[in-house]
Each structure stands twice: as structure tokens, then as C-alpha cells.
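Here's the structure we're looking at; comments come further down.
Computed from heavy atoms alone, side chains included, the values below leave out hydrogens, waters and symmetry copies. Just so it is clear, the structure is predicted and the values come from calculations on it, not from any experiment.
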Amino acid sequence: MPQYNPNEIEQKWQRFWEKNETFKATENPEKPPYYVLDMFPYPSGAGLHVGHPLGYIASDIVARFKRNKQFEVLHPMGYDAFGLPAEQFAIDTGNHPEGFTDKNIARYEDQMKKIGLSFDWSRKVKTSDPKFYKWTQWIFIQLFESWYNPKTNCAEHINDLIRDFEKNGNTYFTAEQWNNFSEAEQQKILMDYRLAYIGESEVNWCEALGTVLANEEVKDGVSERGGYPVEKRKMRQWFLRITAYADRLLQDLNDIDWPQAVKDMQTNWIGKSVGAEVDFRLTPGPSPMERGEMQGTFVAENTEDGRSTSDSGSPLPGRGAGGEANDPGYMTSDKTIWGTLKTNARTNRKEQTEAEQILWEALRNSKMGFKFRRQHAIDKYIADFVCLEKKLIVEVDGEIHNSQKEQDEFRTSILNQIGFDVIRFTNEEVINDLENVLIQIKERLNLANGLTPGHSPMEGGGMQGRFGAENTEDVQSTSDSGSPLSGRGAGGEAKIRIFTTRPDTIFGASFMVLAPEHELVSVITSQDQKSEVEKYVAQAKLKSERERKAETKVSGVFSGAYAINPFTRKEIPIWIADYVLGDYGTGAIMAVPGHDSRDWAFAKHFNLPIIEVVEGGNVEEASYDAKEGYLVNSDFLNGLLVDQAIKRAINEIELDGLGKMKTNYRLRDANFSRQRYWGEPFPIVYKNGLPYPVPFDALPVELPEVESYKPTGSGESPLASVDRWVNTPDGRRETNTMPGWAGSSWYYLRYMDPDNDFDFVDKDKERYWKNVDFYIGGAEHATGHLLYSRFWNKFLFDRGLVSTKEPFKKLINQGMIQGVSQKISLDKRINDQGIENYYFISSELLKDDTREIHVDVSLVDNSILDIDAFIKWRTDYKDFIFKCEGGFWQNGNFTKTGEGSDQFRTKSEVEKMSKSKYNVINPDEVIEKYGCDAFRMYEMFLGPIEQSKPWDTKGIDGVSRFLKRFWGLFYDRDGNWLVNEDKPNAEELKTLHKTIKKIEDDIERFNLNTCVSSLMIAVNDLGGYQCHKKEILEPLVILISPFAPHIAEELWEKLGNSLSVAYAPYPAYIESYTAENSFEYPVSVNGKLRAKIELPLSLSKEQVEDEIKNMDLSKWTDGNPLKKIIVVPGKIVNVVV
RNA sequence: GCGGAUGUGGUGGAAUUGGUAGACACGCCAGACUUAGGAUCUGGUGCCGAGAGGUGUGCGGGUUCGAGUCCCUCCUUCCGCACCA
């Protein structure tokens, strides 16, 4: 084969590799393992464009290099096959998404194989394959059957927790109580601990489409398809308790070699802030109660989504101090407002409704077997009827309650927390069917039987309340904060709990701010401010999240209430403002305008006092936010540095019982449910409404065939309509499916052992490969996939299922390849007859105000437009004039009008590669023309992998020529074999060994662009020496093989080797060959390069100095004496005059 | 606003610990071979200047014998987060 014919040899070797399974990895104990992985591709219908292979080529080079370095290399590829485009295709066409997906996969694979990537295709996985998702389901069951033990900081089997409950109980219940709980009660409690749990969260519901939409399907508040309105709707969802791992996910970032940008993004996403929670007491000011208002009006306002920062939000109830929960039963009312409550209660008793009167007659005098009281104050509320012994509250609601369900729910949840069961009836129920009402009350009383009254919030129906309150998307999971109404009982005073990261500045807290959705807003608001506050809160609710984000101006309203700064003892006003977020911290802050810019802006706007407590700025001019400087105006903190003051303040706060040190996270638990067909079914069956995992031998739970992929209209997934699948002898199946990231969270483990039917990965194999050594992919996965996989991996590690803490040791984000668009300009001229004439104008004649249109890049060569091809493509322009410097073209004829070129030039611009810009480069075509070795090398040659850079097809000529020159070292133009057995000379050896060193160093650092350069230099040098020596060329073939594997295999074979070059040992670098014995020193005078002098490298500094002194430098020294000579051996000489 | 990245010839980029700025390649210019050139080969190519020389890594300042590289201020472009207490 005389001429270099890339297409021929590339096909030959690709077939060879496939047939011989050249890249099949084994768990070879003789070799060190190296795992190279590309991020899991989702096979989209569009196939690959030149941007996609960048990462694949880079990782392939690393994989091939490591094989030459005698590592056992695992380099697999597979597909993240579940996803929205396939779902949408199925909905649109009625065809099964699997066929669509498989077709796309085939296309992807075909393209990847043409690039000569050295994947071990025998390990291919596909997430939608039941053999794969069997184990995704299995891992889900492991999560379901695990809880996070905060004491060991480790996930443990839920059975360990159950055993502990059976033996020791927990803060809320005794062992005996636990053992007497019904199965349902136990399961509900355990749900608060499981790492996979059911909660409730808001989804994007589109009524018109009858379906739930993903965030990316919603644009500007309407559905992307059709533009229908989208509203938030609460749905029961599965969640994964990633928040339990928040701190470890953060800490272990230190141990992995990832781009700082990705680490920063994860750090930011987890959002840890350490500070203190501090209770601020309210001053005993006027409250709604004292104004004799009805109970309904002073029910604390519920947050919009039912979320509270209360203890009920904690998934780990056992963790907290739990103090508030153990209040003695006799203290049923809030002391601060007892006076008011008493008055109200008396009034209410006099003004009983008909229904209340009827019920009272049935309950009074222990007619039900237990003593009931009516209009009795409990906490901040007045209960219609209460049985204190059984802690059962009975409420009778009139019409008004229909409109305040949310408030009632909140009230119920608060009462549940302090241990009361609440049962509610309407007036009608009591009047029309008293008997049924009494039966229900009786049942509730019996349910509470056997429990010691008055101790646990978990007992009886209380659990339901707990559970209900917990099921919000934004569970403040890692929070173990107490109720916002804490302090009941213990202190007997109303408090507002704030979170601050700057407890040192507490003496500078001159006001407080509550989020508009804070539950105490309506409780504390004074009569005078009531209407204004209500108006503000209503406005804040109306504002969409978008508007609230866009809003920059300061807004807020005074509540009329005051609190006492626990350190200054001064009264400070409480404001309501939406710059404080309801779902972060406690939804309330102490405002320190001197040292927080937002507080400062607020204080300035509303003319509130600004107190300096840290020296270093001018708080009249701006807040001083820096954590540097000494404390002033702060009593016992005066003179301390900020760091010391923070510690001292927290210490003091804890000693005084005002609060405690506290860590907050922004991270939220991960929603794991999708209302879709095309995803992994949950291995869950509901018995009596409680979820149970299916037994192991029932796995995988396969996706059933469905009649239609269309949305059900009810918000449920299409699976819900398959009765025969949904209904099992054991109960009803979960009909949600798992999200796209389920499979991708652990796929890297499956590659280690893809066909195992008995385990998700064999333990020994997992211990051999451990984790991914080198991972490459796009930066868009920084906080999604990369965080979830770390979480799953840590979980599996905790449970002893994998052996490493982190899944991906080294990570690189590849940049994008941008397109170079070509544009031509359309100009307009009005001729004598006043008719508008449009014509195109060559770019060098360009004026500013022309209209530009994109031209397909294939019609442009070197910014010269092929006009004939253009008008063939866009026939609507066929009669247009194309004006050039020397004349114009029209209908294929050129009319010369003057001097200059007849070429029509385009304007180029770097843009994203996209169809609409006609700048997409198809790798298939490039490979067809230049060969895939040239394509691979050029992609690397463009620049550093991490950077985005434009694709310039012209540039590929450079590497194409290089490969031909390289070939030319082996064959002459007539196809004669040139390689000889001559001994290489020193120069040739130097070239070879410098290259060996350079390639090795650069690949280890992932500088693949400079590798290509150094190979070019080597080939240029050897070409210059006319070197055709086997001793030089054979090692060079190995050096080039990771980059251009096909040409390397071909020449390797021609050199007489029978085995693939893929496993040839990387040549050893021998330093002595590269040693120089002399150096041409650049000599600069006062830092400016003036002369050069060739000197032996063996000379000492002093000897070099002597040589310099003997030089004639007078031209540049102006006759001034040499002050100093600086000699850097082997580098430079600088003469100072 | 906060955080990160980035800025070097006409273009992509190189310069690994502070030591000859512009490697390698594209493009361009000139030449050779050729019926031809969108093939191949040779030479040249930061800018200003005829030259000597001057000047030059986003702007301005600093440290140093010496700065693309270190420090400070500001700016450009891109990405991420966005009232996180």
C-alpha cells in the first residue's frame, strides 16, 4: 500500500479491533487498573456533531496511553436511555419509546465506531434494559430500607433502627409504646427516617395538557408546547434524603481532583452556613387576642405551601434536643396571651353556636367516659372541646372554615406537635348526624387507649399531623430547629427564633425582619398595622417567584410589634419584608444594618437606627460586611476580633439558654418521582395504603405495555391506567416512575460487571476497579448528576456495598466546539425610478446598516462565497446582484466595473453550532474527507480540552499534511518501503526522547493539544534529517498511536509486528540522549535582549560571568561600568549597568 | 450583586518553578515543480521603521536584575448562582 489512504486503513483496523475484541478489559491481577469514563450519553435523535466527540477522543487517548503504559484499562460506553424526548415521541406518534431510543442508539454507536474509540463494547449498558434497571430498583429498595444514623454519621439498615426502637424507644415514645403501635403507626414513623421516603411536593400541573411538566418544559409560566397555563399543584412524591449527606458531600470535595469551578458550584448548591439560632422575646404588647377578636383570626397564618420551620420538618426527629416536645401536659396555654385567651374563651362560651351546644350536651359530665372541657385554651388557640386525659380536641366548624382550610391545617399541625389529636366536624354533621359524630369521637378516644397521656407528639392521631406537615418538598431536613412557637411551657413567653451567621453583631441588631409567609406574622401584627400588613403579605403572595427575583427595590411594612434584643435589652421593632425568605433559616432575622448590606438598605429606606459594632468602615455611608476588625459598642464583646466574638457570642447565647449553635443548608431533598411512562417503575406495592418493597425475586418490575402514552389527565403516569399491572394480589403498585438521573447515578459501577444477574456488581470486581480514575463530560452536570452519584456512592459505601467514598477521582469538563458562521450582507438602493433594489455586497465593501443573512458554511471557502451554489440553495435570491470590489455578478455573469477582485467575500462570526445558523459540521463528512485519524488529532490540536473554541475546517489541513509527512517517513512517493536498520545518530535520538518525555508529561496533565504539536515537531525534524531508521520510527509509532491509532496500527504491522500496537509498551525515556552540552545564552542589558553567546553548559556561574565581561557590550552600556551580572545557568544572562 | 473562568499576531493557540513572548498549525506573501492547482515542496510573515532601532501579552499602577506569569485597581467576554441572614 504505497499511498496513505486513511479510509481504507481505518476500516481495516476498526474491523480488526471489533473482531479480535482488542479492547476487552479483564480483571487482571498482574496489572494496575485504570478506569476511564465518559459521561453517560443520552442518545438524541440528532446524532453527533463535531462538538460531541471532543471528550470521547480525549478520554480515548488517555485510555490508549494507559494501555501502552501497561495498565489494565476499563473504558466502557453505554446509554442513558430513559428520557423526555423519547417520551414525547411516544406521545406524539403512539409508538413505543424503546424503538425510538434504540434507533438513536444505533446511530450514535455507528458514529462513535467511526471515530475509532477503544471502548470495550462487550460491557455496553442501557438504563432502559430490565437487566439494568432491576438493579436500579434494587438500590432504591436499599435506600428505602436504610436510615441515616447521625451518631455514626452513616447509613444503616432500617432494621437496626427498629430494633433500637423496640429496645429503647426514642425521645418521643418508649419502647413499650413502640411495640404497641399498630403496623401503620410504625410504618409512618419509619417513613420519617428512610433514605427513600414519601413526601408531598409541588409539581408543574398543566390542566390543558392534563399532565405534569418538567421544569424545562415550562417557559415563562406557560407550557413550552402549546403555551398553556401551568400551575403549582401538590402531589405525593418519592424523595431521596440527600440532605443527610450534605456535610459529607461538602467535606469530601477536598479529596477529589475536580475543576475548582465544579467544586464551587457544589459547595454553593449545598449552601452550608454556620451560625446561631437565637430566640428574641416579644414585648408584651397588644395582640389580636386582647382586642377580643374571634379565634379564627389569630390562628397563625399558614405558609403558602404548608411548610413550617417547625420540628415537624425534621426527618430525624431523634436528633434534636427535643426539649419543647416534652412539655408537661397541664400547661395547655401560652402564658403570654393567657389573659386574652381567658376573656375570649368566656365570650365564646356565652355565644355558642347551635351545633356546639348540641355536642356539648353529649360530651359534658364524662358521658363518653372521659372528661371534656369546652372553649379551653390550648397553646395559642382556643379549642371548642378538649379531653385533656386523652389529649383529644374536637372542633366544630361553621361556614367560615371552608375558606380557611389551610389555616386550620396549620393549627392542627401545631396542636399535633404538642401532643393533641384533633378531630373536626361541620355544624351540619353535628346537627344532622350526632350519632355518627359521637362514634367517631369514641373511636379516637379508644385509639389513644393504652398510651400515657400527655407526653408524646407522636402518639395517637398526632402522628398523622406530624406526617402531614412533613410532606413538603422543601423539608428543612437537616434542621432540627424547634417550633417557632417554642418556649411555651419552659419560659412561658412568645419568642421569635432567628438564624444568624453573625452572632457577634447581635448588639447591633436594631430591628427584626420576618418573611411575609412567616407563621407569626398575623399573630404579632398590631391592630393599627393590621390592614397594611395584610396588604403587604397578600402582595408578596401574588408576586411570582420570577417577579420577586427581579424586584430590586426595598419594600416592607412595620408589624406594630416589638421584640427585646436579648443582649442590649432594648425594644426593637419587628418588620415584615420579602427580602427575608420563608424557607431559609427560620424565616426571621435580626437585622444588623451596620454590617449587612441588605439590612442597611432597608434601614436607610425606613429610617431605622444603624449601630456600628465592628470597626473598619463608616456605617453611615455603607454597611461594613467584612468579617474583619474589632468589636465596639458591644459590652463584653468589645475589643475582640470578629472570629473570637462569634465564638464568645455563641457561647453566651447557649449559656443563657437563648439559643444554640446551628448549621443550615440550602440543599433540599431530591424529588424522585416522575409522572411519566418512560422511566424505571418503582419496586413498590401499597398494602393498606402503606408502601412495601416487592421481594427480591419479583425484580425487575418491568414496564408494562400501555394502550396510550398520553397523559391520563389526572396527573398520574400512564401506568396508572394499566389495571392488570397496577393491581397485584398484594396491593396496588406505585405508578410513578423514577427520574432520568436514577440510572446515571450508579451506571459507572455496572460497567465493572454488566451481566451479573445475582448482584448489582460483583464485590471482587468492584474492589479491583474501585472507582473512576478519569471522568470527562460537560459542565452542565456539575450539580445534578455529579452530586447525585456522589450521594448514591456514599450511601452504597456506608452499607458496605462499594469500597470507595467517591465515585470519580479526577474530573475534567470538556469545552464546547463552536461554529464559525458565514454571513453575507443584503443592501438596499433606491434607483432613479424610486424602485427599491436589493443586492448583496461583498464584506470588504461593507457599510454598517446592512441586513445579514446566514449562509451554509459548506458554500464558503476561505470566506469566498460560491455564488452559483448559493443561488441554487436559496433560489429566491437567484436574480440578485452580488457586488464585489471589481464589479458585480448577476445570473452567473460577471460585469466588470473597475479595478479589483471579482470574488464575493462573506463575513464570519463565532457562534454556537446550530442548524439555524447553518454552521454545523458533521463529523461523518470530515472523516470521509480527511480520515478519522486526522479528525481525532485536529480536535485535540484546536486547544485545551476544557476551553470552548471554534471549529475551523481549514485548520484540519495542517494535521492532514502532518499525517502524510509521517507516512512519508516510511514510504516514498512511489510506495517504496524506506525503513532501514541503520543506527540512529545523536540528533535523531534526541528528537525521539524529547518527544517521549513531552508526550508522557503532557498526557498526564491532559494537555493533549501540545502533544500533537510536539509530534509534528518530531516528524518535521526527522523529515529534515531524512531519517528512516526503524529504531527511531518504531517507538514513534507507539507515541502517535493514542492519537492516530489507525495509521499507527498499519505502520506497526508493516514494521513486522503481529500484535496490536494498543498494548505495545510505551518507550522508555533515556535522559542522557536529550542532554545538551552547550547553550546559546541570551544576554540582556538592563532586562533588554541585546546579544547572544554560545557557551558550554559545564561552565560555572563565575566562568560565565568572566566570559560576559570579555564581551563588547559598549554599544548598549553607553560606557557605563557593569554594576552586576546575573547568570541563570542554562537560561539567561542579565547585565545591570 | 456574589462566585468562577477568560483576555497573547489576521485566526486557533504555545510559553510546565518569574528567565530569549508568539512554539505548532491555519491564513497570507514570494518562489519552485506544473497544461492546470483547492496537489506538493522551499523561504518569509507581531506591529512601527528604508535601516539602526523602537515597541509589544485587555487598561493603569506596583514588586523584581528580569513580569504574559507575582501583587493592587479597573475593564471585556463567557458560565454558574441569585435577596441564603
Toward the 5' end of RNA chain B, which comes first, R961(A) or P950(A), by nearest nucleotide?
-> P950(A)

Would you kindly give the CD-to-C1' distance between E517(A) and C83(B), to the nearest whole Å?
-> 12 Å

Assign G61(B) to syn or anti; the rule is syn for a glycosidic angle within 90° of 0 and anti otherwise.
-> anti

Residues K997(A), D1001(A): salt bridge by 4.0 Å N-O rule | yes

Rounded to whole Å, CH2 of W951(A) lies from C1' of A25(B) at a distance of 14 Å

K627(A) NZ to A85(B) C1': how many Å, rounded?
-> 11 Å

For atom CG of D578(A) and atom P of C83(B), their distance in whole Å | 10 Å

With a 4.0 Å heavy-atom cut-off, tell me which residues in residues 504-511 of chain A come close to RNA chain B, sorted by residue number.
-> none

Take atom NZ of K994(A) and atom C1' of A14(B), then tell me their distance rounded to the nearest Å.
-> 15 Å

Taking G13(B), C65(B), G27(B) as options, the one with an atom nearest any side-chain atom of P944(A) is G13(B)

With K964(A) as the cation and Y4(A) as the aromatic partner, state whether NZ or CZ is under 6.0 Å from the six-membered ring centre and within 45° of the axis.
-> no

Would you kindly give the CG-to-C1' distance between N1086(A) and C65(B), to the nearest whole Å?
-> 8 Å

How many Å lie between CG on L253(A) and P on G4(B), as a whole number?
-> 15 Å

Between A85(B) (P) and K662(A) (NZ): distance, integer Å | 14 Å

